[in-house]
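One structure is given here, and the rest of the page talks about it.
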Amino acid sequence: MTTKVGIIGVQGDVSEHETAVREAGEYLGIDVETVVIRSSGVVPDCDVLVLPGGESTTISSLVTEEGIADEILDHVDDRKPMLATCAGLIVSSRDPQDDRVESLGVIDAVVDRNAFGRQKESFEAEIDVKGLDKPFHAVFIRAPAVEEVGEGVEVLAEVNGSVVAVRDGSVVGTSFHPELTGDYRIHRMVLEDQDKTETEND
């Protein structure tokens, strides 16, 4: 059986996520098909979604204008897995603390959009991520941080006391860019979530 992974392709590291998902699927022995989504009508056929980084106000505006936002909400309501990275995390959060961002609200969290400063303050760090067997080399670019999480939201990673990865039900959100380092364990985690969902539905 093929797992169809949709990369929301209105902005951000689309090709990098496609590579990451394919490599993760190959590692796990899962047959993966990727599709880049820029308009409505594709999300309902996807088993897994990825919402990449970019510019959060632009991403939120485009997914709303194109009718993709409502389909993402239905995807999460169906408890299908989604990975949201950097700006994707901002757009997914309940409160991005910026009225220009049309929040999806699929992660019950309050996010500080520029918690780690602007582009020149970008950095890399070895961080421990819950569920991974060894530290993850994380790339932070104009990265947000999670200031508050709601009940039921699991904190997966912190750096210097700031929350940088969370899980809310079927949605994993990261402040960093797991698609940029060649370490695809975060993508594997989300594909494994899909495998569990299939098992539960059998």
Side-chain angles (χ1 to χ4, degrees), residues 1-54 59 63 68-69 71-89 91-92 104 106-107 126-139 153-157 164-202:
M1 184 174 178
T2 298
T3 297
K4 190 169 185 176
V5 181
I7 318 291
I8 307 299
V10 296
Q11 202 184 46
D13 295 331
V14 176
S15 62
E16 290 85 350
H17 276 295
E18 282 191 283
T19 299
V21 167
R22 288 174 184 154
E23 293 280 347
E26 184 173 339
Y27 181 90
L28 295 170
I30 297 173
D31 185 19
V32 170
E33 174 192 356
T34 61
V35 58
V36 177
I37 300 171
R38 296 191 174 92
S39 60
S40 61
V42 183
V43 169
D45 292 330
C46 293
D47 303 300
V48 177
L49 291 179
V50 177
L51 184 58
I59 292 173
V63 296
I68 303 170
E71 295 180 346
I72 294 173
L73 296 179
D74 289 341
H75 178 93
V76 175
D77 279 347
D78 289 341
R79 300 190 59 75
K80 294 180 179 178
M82 183 168 99
L83 172 62
T85 61
C86 197
L89 167 64
V91 174
S92 297
L104 293 170
V106 294
I107 297 176
E126 301 291 326
I127 63 172
D128 292 320
V129 179
K130 191 172 183 179
L132 301 186
D133 56 351
K134 59 183 181 180
F136 190 90
H137 186 79
V139 178
V153 176
E154 183 180 17
V155 173
L156 299 179
V164 294
V166 295
R167 178 195 292 278
D168 187 352
S170 63
V171 184
V172 172
T174 69
S175 299
F176 52 90
H177 290 264
E179 75 280 10
L180 293 181
T181 62
D183 182 345
Y184 302 133
R185 286 179 291 161
I186 301 289
H187 292 79
R188 283 186 223 159
M189 182 190 299
V190 177
L191 288 179
E192 287 175 324
D193 286 345
Q194 163 60 17
D195 199 38
K196 292 173 189 170
T197 301
E198 283 186 351
T199 302
E200 289 171 359
N201 291 336
D202 285 343

**Request:** Compare all side-chain heavy atoms of I72 with those of M82 and state whether any distance is below 4.5 angstrom.
**Result:** yes
**Test applied, side-chain contact (heavy atoms from CB on, under 4.5 Å); reference residue, V32; option that passes from L191, T2, V48** = L191
**Item:** A157 versus V129, closest heavy-atom pair with distance
**Value:** CB-CG2, 4.0 Å
**Prompt:** Taking atom CG of D13 and atom SG of C86, what is their separation to the nearest 0.5 Å?
**Reply:** 9.0 Å
**Message:** Show the nearest heavy-atom pair for residues K80 and S170, with the distance to one decimal.
**Reply:** O-OG, 3.0 Å
**Fill in**
Between T19 and Y184 the two heavy atoms that sit nearest each other are CG2-OH, 3.9 Å
**Request:** Determine which pairs satisfy ring pair (Phe, Tyr, Trp, His ring centres under 6.0 Å) with at least one residue from residues 2-36, sequence neighbours left out, and list them in order.
**Result:** H17-H187
**Request:** Return the minimal non-hydrogen interatomic distance between R167 and D193, and the atom names on each side.
**Result:** NH1-OD2, 2.7 Å
**Request:** Any side-chain hydrogen bond (donor to acceptor under 3.5 Å, both in side chains) involving residues 127-136? Give me the pairs, sequence neighbours left out, ordered by first then second residue.
**Result:** K130-E154, D133-R185
**Request:** Mind checking the CG-CG spacing from L104 to L89? Nearest 0.5 Å is all I need.
**Result:** 11.0 Å
**Asked** Taking all non-hydrogen atoms of both residues, which atom of G173 and which atom of I107 are closest, and how far apart?
**Response** CA-CD1, 4.0 Å
**Item:** For E18, all residues meeting salt bridge (Lys or Arg N to Asp or Glu O under 4.0 Å), sequence neighbours excluded
**Value:** R22
